[in-house]
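In this text the structure is predicted, and so the values were computed from the model without any measurement. Naming convention: chains lettered A, B, ... in sequence-line order (proteins, then strands); numbering from 1 in each chain.
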There are 2 protein chains.
Amino acid sequence: MALQFASDFLGRPYAGDNTSALAEAATDVELCTFTRPQLEVLLRAYPGLQQQLMQRVLKDLDFAREWMVLLGRKTAEERVASFILLCLEKQRNVACHAAPSKSGERLELPLSRTDIADYLGITLETVARKLRQLSDDGVIAIHTGRFVSVLDAERLRARSASD
Amino acid sequence: MALQFASDFLGRPYAGDNTSALAEAATDVELCTFTRPQLEVLLRAYPGLQQQLMQRVLKDLDFAREWMVLLGRKTAEERVASFILLCLEKQRNVACHAAPSKSGERLELPLSRTDIADYLGITLETVARKLRQLSDDGVIAIHTGRFVSVLDAERLRARSASD
DNA sequence: CGATACCTTGAACTAATTCAATTAAGGTGG
DNA sequence: CCACCTTAATTGAATTAGTTCAAGGTATCG
C-alpha cells in the first residue's frame, strides 16, 4: 500500500491500541524506533516537531493521491516509467543532495518484479515486458539483478505521464 | 483524487504558500472556512485540537491507501459495489448516528456517472453496465436521478471485496 | 554443480475500453 | 402544463491492453 524509503516515517502517533501497521522489509534496513509515549513526549516538548510531523503526513497524503492517479488512469508503460523515476528520485536524495543524476547512472529498483507489479497494480509479466520495451527503445538499460540505468531521462519522463 | 463528505476537513495547515488545493463541488455544499493563520492560532491555543487534526489526516491517509487497493486490484463490479457501500456508510453518518440502515432505503450517489467513473478508475459506460448488472441481480434498485436502493447489503458487500 | 527462486517470453483469452447510436431526464420559456 | 432543448445515462458491437497459463531461461548460493 505504501513504499517507504530511507528517512521516511512510519507510525500512528496519538492512535489507540486498535491501530495496526504492518511493514515488510524489501531490502536490508536500519530502523530508528520510538515507543508511542516516547514520541508523544518529544512532540509535546518541541512544538515545531509536531508541525514537521504534520507536514510529513500531509506529504504522504499528497503522494498517495498522486499514486491513485497512476493506479486509476495510467497505462502499464506509464506505470513502469513512473516507478523507475520514483526510484531515481529517491536514490538521488540519499546519495548526495542535489547531485544532478548524470545519464546512464546505475540505479537499483529495490523490489522484486512481483512487488513492483503489486505496487503498480499490474502483473509481474507485464512489468517484465514493459521494462523490456523501454530497454529495446534505448530509454533504459537492464542489468543483472535489480539494477537498471536510465539512458534518456527526458524520454522516460515523457513516457511516464498520461496527458 | 479525494471525495469529501459532510464534516470532512480540507486544507494544508503549516504549509507555505506553494501549496494549492483545488476542490470542486459535486452537490450544494455548506462550508466552514478558516484562514490558515486563524487555524494555526486555534491549534496553538487548544493542544487537543492539533492531535485531533492529526488523527483526521492519518485517517485520510489510511483511506487513501485502502482506495489504492481498490484502484490497483479490484474488478469493475467490485469497484462499483464498493462505491455504493461508501455512499451508504457516509449517508448513515450524517442522517442519524447508529441508524441500522434498513434494507431498501433510498440512497443518493452524489456524483454523475462521469465523476463516479473517474473516482473508480473505470469508464462511465462500465459504471452504467455494472450498476445495471447489480440491479438485474436484485442487489440494488436504480431510481431516477442519482438515487438507488440497496436491497441486499450483505450480497453487495460480498461483491465489493476481492478476496 | 545442482537447486531454488526469480525473471523472461510466447500464445490464448478476457475484462474493460472505445466508438457510435439511442433513450431518458431536467430545465425553460411559451 | 406541455413541447422543446440540452445534458446525462444506457446499450450494443468491435477492439485492445493487459491477464493468465505454460514453458524456458538466468542468477545466486550453499
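Between A:Arg79 and A:Glu125, the residue anchored nearer the 5' end of DNA chain D, judged by the nucleotide with its closest heavy atom, is A:Arg79. Residue order along DNA chain D, read from the 5' end via each residue's closest nucleotide, puts B:Arg113 first among A:Thr75 and B:Arg113.
In this model, a donor atom of one side chain and an acceptor atom of the other lie less than 3.5 Å apart for B:Gln133 and B:Glu77.
Considering only side-chain N and O atoms, B:Thr123 lies under 4.0 angstrom from the phosphate OP1 or OP2 of C:dT17. Of the side-chain N and O atoms in B:Thr126, none sit less than 4.0 angstrom from OP1 or OP2 of C:dA16. At D:dT11, none of the side-chain N or O atoms of B:Arg129 fall inside 4.0 Å of OP1 or OP2 (strictly under the cut-off).
Nucleotide C:dC6 holds its P atom 9 Å from the CG atom of A:Asp115, rounded to whole Å. A:Leu124 has its CG atom 11 Å from the C1' atom of D:dT20, to the nearest Å. Rounded to whole angstrom, the span from the CZ atom of A:Arg146 across to the C1' atom of D:dT28 amounts to 12 Å. Atom-to-atom, NZ of A:Lys130 to C1' of C:dC7 comes out at 17 Å; the value is rounded to the nearest Å. Between A:Arg132 atom CZ and D:dG25 atom P the separation is 15 Å, expressed in whole Å. Between the P atom of C:dA15 and the CZ atom of B:Arg73 lies a distance of 17 Å, rounded to the nearest Å. Regarding B:Gln133, its CD atom lies at a distance of 13 Å from the P atom of D:dG12, rounded to whole Å. Distance, B:Ile122 CD1 to D:dG18 P: 16 Å, rounded to whole Å.
Here B:Glu154 pairs with B:Arg157 in a salt bridge; the nearest charged N to carboxylate O distance falls below 4.0 Å. Comment: A:Asp60 does not engage A:Arg56 in a salt bridge, judged by the lack of any side-chain N to carboxylate O separation of less than 4.0 angstrom. A salt bridge links B:Asp137 to B:Arg159: one of the charged nitrogens lies within less than 4.0 Å of a carboxylate oxygen.
Within 4.0 Å (heavy atoms only), A:Leu131 reaches no atom of the nucleic acid at all.
Scanning all heavy atoms of the two residues, the minimum distance from B:Ala26 to B:Leu111 falls at CB-CD2, 3.4 Å.
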